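Report on one structure; see the data block that follows.
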Amino acid sequence: MRLCRFAVWVMFLSSLWAQETPGDAVQPKVQDAAVSSGSQRPRIGLVLEGGGALGLAHVGVIRWLEENHIPVDVIAGTSMGALVGGIYATGESPSQIDTLVRSIKWNEVLRGVTSYRDLSFRRKEDRRSYLNAFEFGLKHGTQFPSGFNSGQQVGLILDRVGLPYSQMNSFDQLPIPFRCVATDLVSKEPYVFDHGSLARAMRASMSLPAFFTPVRDGTHVLVDGGLLDNLPVDVARKMGADIVIAVHLTTPPMDPKTVLSSVGVLQRSASVTIAINELRSMEQADILLTADVARFDSTDYTLFDKIEAEGYKAAQAKSALLARLQVGEEEWQRIVAARTSKRRPVPVPEFVEVTGVQGDVLKGLEHRLSGLAGKPINPQELDQKMMDVTGLGRFARALYRDVERDGQHGLHVEAQEKDYAPPTVHPAFIIDGSDYKNVLFEVGARITFLDVGGFGSEWRNDFIAGSEYGLKTEYFHPFTSNTGWFVAVHGTADSSPFFVYQRDKLLGDYRNRLMGAGLDLGYTFGRGAELRVGYEAGYHKINEDIGTPVAPEVHGRFGVTSMRYRLERFDDPVIPRRGARLESTFKFYDTAPGTRDVVPTEELKLGLAERTSEKSSVLLFASGGTTFSTRDTGFPPFSLGGPLRLSAYGTNELLTNQYFLLQPAFLYRLRELSPLLKQNVYLLTMYEAGKAYDQTASTPKVAQDGTVGVLFQTLFGPMFFGGSLGDNQHRKFFFEVGRFF
């Protein structure tokens, strides 16, 4: 057989004329290869290299080959080439690949963070309270994630493609035989996947070091194959390819005057290594198709049409050469039929099994996923179930594949715990520039121990130091693993500053000290809402350190029954572009320092956001509070003045027992700093109108101001710099870091 194949290959090459294309780095001398219908045609291999979004050009190449009846007998790919090649190997047509690629929200997928909407309600609370993108763990001492991106969303795409091909003795069983390449950090050699899970193989090949979490496979730690073999011509040769068509993606030369960051130096250094192994492979290819994608960036996934078109052009440019590999209509239909016969249908799972966890956590996940058994797979529902698992905060990934037990197909879900947590740590760094002459600093962290006392139970602790210092702790315990009912025990010891300004003049510097404990009973409505009722008691003291008294000092015991409802439907905790947020808090003080009366209070906060275009959104915030006409409340429970509380007014300038505040705003994205890291610069304009009812006047005027500023969305959290101009000569410049909205 080898001798026969070699003879065919020799006859094929000997029938070709030398043909060079200007600009090609490497071009074998091939020409006329018309193979008669009675002779055995050569075995053709297609090799696709990695390159991030540039690899979308491979779809254009495949489209041209299909349109011109150029058969592909084997495929080898690396990274993005492994993704496109793997999908094609399952028998998908170029139009089906096109549809799949277009349906992917690439920025969200490659950002790697579980989207805010998919987080459980308590994880949403974490993101609202700690707005930066950092998280680390204490599982084995202080430890950070092994990759910026867990690969969850990428994994779901690959799992969907590879589900029918979850267990194969050989990738030769695919409609088109396939191989993909990863780099083994243990052996320091290329690792070629030729059997097992197709999805796992493609994910390992795409695991860019430090960006995606490595794939561990027994004694192997696998990352992106591009480091050692980005254009695996050698792999296609070993698969028996007589003629190898390799697709090369051009990249722009480096400008020596370019200013490089440390990350940029790392990227350029890696590109040098990749370029060297690419050159070796390009020399070994028989036909080299060069896609001119130098003007694009490896993150330009939204430019799919233009990048794909360059792949199509690259194939068209070698049409005279490739046409020699063309087969007739009858032969082409036979090839397509053979591929179709090897395609596997998506199996209907008769059972669901979960691995990666045990005990109560295992039982809890099995209950959550049990509804997937006994019915056809719905890809959207299945993906959402997996995102719900990662939204719990304990797992880095939740992947799935098909298994067979006793003649029945089942869904195997692998819940992969974060290798660094739990417990998880969310740090905080806050700079409050409400008064640029008196800038306040705070550092803190939230440490959460998950599944303490059962699945879904957790112990959460907040520490803060700086202008405010204190500790808050809460133990949260659901009644069962499959119910929304819960009980929560919490305690607080906190000391925070309370400044009272008149415009830019500091009138009073108070210290607000609170120590207490309480018990709540509540219900969580899925991922989006929570209702809790409880009682808290303790000691409260507000006293003035310096300045002129503007409100009475109070101290003593307090006891309060509260009912709080919170709805969280914003699409982002930092800078919402769409959705709604509602919070209602009713409190009934049976005992409160500074008053002998019982004191009821109610405060309602509402936020709405709606996109008006890709770059702009309109927002509306409204809030109001009341003590239901109670006069003797001790220290006033509400205040207006300060950033986003009548910004032109001094902090807490208007102390009151009753207020309302209306804030329409317009948000416009000025610049996209990093789509993958979700870093943007916005222009924010806001109008504010509020009324504070003091203890003497019954109908005060409505205070108004306008705010304009620049809002930065960064890894360290939001940063805002702006100013406000209001009535009665109120004006202010202020800035905030780490906290907004």
Side-chain angles (χ1 to χ4, degrees), residues 5-49 57-77 81 84-85 88-89 93-95 97-98 175-177 231 233 236-237 239-250 281-293 308-339:
R5 181 179 299 165
F6 177 76
V8 171
W9 183 79
V10 170
M11 287 189 297
F12 174 79
L13 290 183
S14 63
S15 65
L16 302 181
W17 291 94
Q19 179 175 326
E20 297 276 349
T21 300
D24 283 348
V26 178
Q27 177 59 53
K29 298 179 179 181
V30 293
Q31 220 254 0
D32 187 13
V35 180
S36 67
S37 59
S39 63
Q40 182 180 355
R41 67 177 182 83
R43 188 173 173 86
I44 301 171
L46 178 63
V47 177
L48 307 176
E49 77 172 25
H58 298 321
V59 182
V61 171
I62 293 172
R63 182 183 297 281
W64 192 95
L65 295 177
E66 290 260 323
E67 289 177 358
N68 290 273
H69 293 184
I70 310 296
V72 173
D73 299 292
V74 298
I75 303 173
V84 176
Y88 186 44
S93 67
S95 60
I97 299 174
D98 186 286
I176 304 176
L231 188 64
V233 172
R237 292 286 188 206
M239 297 175 71
D242 300 314
I243 302 297
V244 173
I245 303 171
V247 183
H248 173 57
L249 310 171
T250 61
S281 296
M282 291 160 65
E283 292 171 343
Q284 296 172 354
D286 297 305
I287 302 175
L288 184 68
L289 308 182
T290 302
D292 184 10
V293 290
E308 181 192 9
E310 292 302 327
Y312 193 92
K313 291 178 184 177
Q316 181 65 33
K318 297 292 180 67
S319 60
L321 194 63
L322 291 171
R324 309 309 177 189
L325 303 175
Q326 190 176 50
V327 298
E329 179 65 26
E330 183 178 346
E331 175 70 3
W332 177 254
Q333 293 303 325
R334 187 192 65 78
I335 292 172
V336 171
R339 291 178 185 174

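Note that the numbering runs from 1 along the sequence shown for the chain. Note that the structure is a prediction, hence the values are computed from the model and not measured.
Counting heavy atoms from C-beta outward, Asp292 and Lys313 have side chains that stay 4.5 Å or more apart. Counting heavy atoms from C-beta on, the side chains of Leu46 and Ile62 come closer than 4.5 Å. Between Glu331 and Pro71, every side-chain heavy-atom pair lies at or beyond the 4.5 Å cut-off. Side-chain contact between Tyr88 and Leu48 is absent, with no heavy-atom pair separated by less than 4.5 Å. At a threshold of 4.5 Å between non-hydrogen side-chain atoms, the residues Leu322 and Asn68 do not count as touching. Counting only heavy atoms from C-beta outward, the side chains of Lys318 and Ile245 never approach each other to under 4.5 Å. Side-chain contact check for Arg334 versus Val327: every heavy-atom pair is 4.5 Å or farther apart.
Partners of Glu67 under the salt bridge (charged side-chain N to carboxylate O under 4.0 Å, His left out) rule, at least two apart in sequence or in another chain, do not exist in this structure. Evaluation of the side chain to side chain contact (heavy atoms under 4.5 Å, CB included) rule for Ala246 yields Val47, Leu231, Val233, Ala285, Leu288 as partners, not counting sequence neighbours. Glu66 meets the salt bridge (charged side-chain N to carboxylate O under 4.0 Å, His left out) test with Arg339; sequence neighbours excluded.
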Give the C-alpha distance, both sets of side-chain angles, the deciding distance and a yes or no for side-chain contact (heavy atoms from CB on, under 4.5 Å) between Glu308 and Asp98. CA-CA 9 Å; Glu308 181 192 9; Asp98 186 286; 3.4 Å; yes
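Shown here for Pro175 and Ala89, the closest heavy-atom pair between the two residues is CD-O, 3.2 Å. Closest approach of Ala236 to Ala76, counting heavy atoms only: N-CB, 4.2 Å.
Side chain of Glu49 to main chain of Leu249: a donor-acceptor pair is present (N/O by atom type, distance under 3.5 Å, no hydrogens or angles). The main-chain N or O of Gln284 is found under 3.5 Å from a side-chain atom of Arg237 such that the two form a donor-acceptor pair.
Taking OG from Ser93 and CZ from Arg63, the interatomic distance works out to 8.0 Å, rounded to the nearest 0.5 Å. The line from CD1 of Ile75 to CD1 of Ile176 is 4.0 Å long, rounded to the nearest 0.5 Å. Interatomic distance, CD1 of Ile287 versus CD1 of Ile44, reported as 8.0 Å (0.5 Å rounding). Atoms CZ and CG, from Arg43 and Asp242 in turn, are 8.0 Å apart once rounded to the nearest 0.5 Å. With rounding to the nearest 0.5 Å, the separation of CG in Leu289 from NE2 in His58 is 10.5 Å. Here the straight-line distance linking atom CG of Leu325 with atom CD1 of Ile243 works out to 6.5 Å at 0.5 Å rounding.
Around CD of Glu330, the count of heavy atoms belonging to other residues, nucleotides or ligands within 6.0 Å does not exceed 12.
Between Trp332 and His69, the two ring planes are parallel [angle under 30°; tilted spans 30° to 60°].
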